[in-house]
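Worksheet: the structure to be examined is printed underneath.
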Amino acid sequence: MSETLTCTLPLRQWRGERGTYHLVTLTGEEAEAIAMHETLSRLEFGSRRGFGSVKVIARIGGTHWKTSVFPQNRKSEWVLLVSKKVMKREDLIVGDELTLELELL
């Protein structure tokens, strides 16, 4: 059960108590597809992953990595964290529009 999503989203910054994080937020059709994938996985395997997350292979430019996306607002939004390592490799700054490819695992 694998599906690939492609979208263009702005890179945002969020400051929390434990540090600063860089992320993109998936909404709309992409969020619906991820939520459906999570529901089907839960039904198939009989359990839910931590925080309701979904494993993915993320690709931005020439960089890809295995990670997870996390639900927000009752699964109407999903968040992908972008590490400083990826930002440096792809020469990204806050506000850049990223072309993101997510392979749902």
Side-chain angles (χ1 to χ4, degrees):
M1 174 169 74
S2 181
E3 180 179 358
T4 301
L5 307 173
T6 303
C7 52
T8 302
L9 302 165
L11 180 63
R12 298 185 313 120
Q13 183 179 58
W14 181 78
R15 292 184 192 267
E17 291 179 14
R18 296 186 180 198
T20 300
Y21 301 91
H22 295 90
L23 55 93
V24 293
T25 303
L26 296 109
T27 59
E29 292 178 15
E30 291 84 9
E32 289 176 19
I34 297 168
M36 180 58 71
H37 183 86
E38 189 276 332
T39 299
L40 292 174
S41 293
R42 186 169 22 92
L43 290 172
E44 181 177 354
F45 298 114
S47 65
R48 181 178 173 201
R49 293 193 74 239
F51 304 106
S53 65
V54 172
K55 289 183 184 181
V56 299
I57 295 177
R59 289 181 184 83
I60 297 173
T63 305
H64 67 279
W65 70 103
K66 191 172 184 179
T67 187
S68 297
V69 291
F70 298 90
Q72 301 289 310
N73 301 326
R74 297 186 180 183
K75 299 183 185 179
S76 65
E77 295 179 346
W78 291 78
V79 172
L80 171 73
L81 297 175
V82 179
S83 70
K84 288 182 182 181
K85 186 176 179 178
V86 172
M87 290 179 61
K88 186 173 182 177
R89 276 190 193 159
E90 296 298 324
D91 194 28
L92 301 172
I93 60 170
V94 173
D96 282 352
E97 291 286 323
L98 310 178
T99 298
L100 171 67
E101 185 177 300
L102 286 180
E103 180 182 348
L104 307 179
L105 302 176

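If you're wondering where the values come from, they're calculated on a predicted model, not measured in any experiment.
Of the inter-residue distances, the one linking Thr25 atom OG1 with Leu11 atom CG reads 10.0 Å to the nearest 0.5 angstrom. Interatomic distance, CZ of Arg59 versus CD of Glu103, reported as 5.5 Å (0.5 Å rounding). Atoms CG and NE2, on Leu102 and His64 in that order, are 13.5 Å from each other to the nearest 0.5 Å. To the nearest 0.5 Å, the span separating OG on Ser83 from NZ on Lys88 amounts to 11.5 Å. In this structure, OG1 on Thr8 lies 8.5 Å from CG on Leu98, to the nearest 0.5 angstrom. Atoms OG1 and CD, from Thr20 and Gln13 in turn, are 5.5 Å apart once rounded to the nearest 0.5 Å.
Under a hydrophobic clustering in which Ile, Leu, Val, Met, Phe, Trp and Tyr are joined whenever their side-chain heavy atoms come within less than 4.5 Å, directly or via other members, Met87 and Val24 fall into the same cluster. Cluster membership check: Val94 does not share its hydrophobic cluster with Leu92, using side-chain heavy-atom separations under 4.5 Å among Ile, Leu, Val, Met, Phe, Trp and Tyr. Follow the hydrophobic side-chain contacts under 4.5 Å out from Trp65 and you reach Trp78 in the same cluster. Cluster membership for Leu9 and Val56, using ILVMFWY side-chain heavy atoms within less than 4.5 angstrom, is shared.
Between Ser76 and Asn73, the closest heavy-atom pair is OG-O, 2.8 Å. The shortest non-hydrogen separation linking Ala31 to Leu26 is CB-O, 3.7 Å. Taking every heavy atom of both residues into account, Pro71 and Gly52 meet most closely at CD-O, 3.7 Å.
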Quick one, Leu104 with Thr4, criterion side-chain contact (heavy atoms from CB on, under 4.5 Å). Give me CA distance, side-chain angles, the key distance, then yes/no.
CA-CA 6 Å; Leu104 307 179; Thr4 301; over 6 Å; no

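With respect to Leu100, the side chain to side chain contact (heavy atoms under 4.5 Å, CB included) criterion is satisfied by exactly one of Thr6, Leu80, Leu5: Leu80.
Donor-acceptor pairing under 3.5 Å is recorded for the side chains of Glu90 and Thr63.
Put simply, the side chain of Val69 reaches to within 4.5 Å of the side chain of Ile34, judged on heavy atoms.
Within the 3.5 Å criterion, the main-chain N or O of Glu32 finds no donor-acceptor partner in the side chain of His37.
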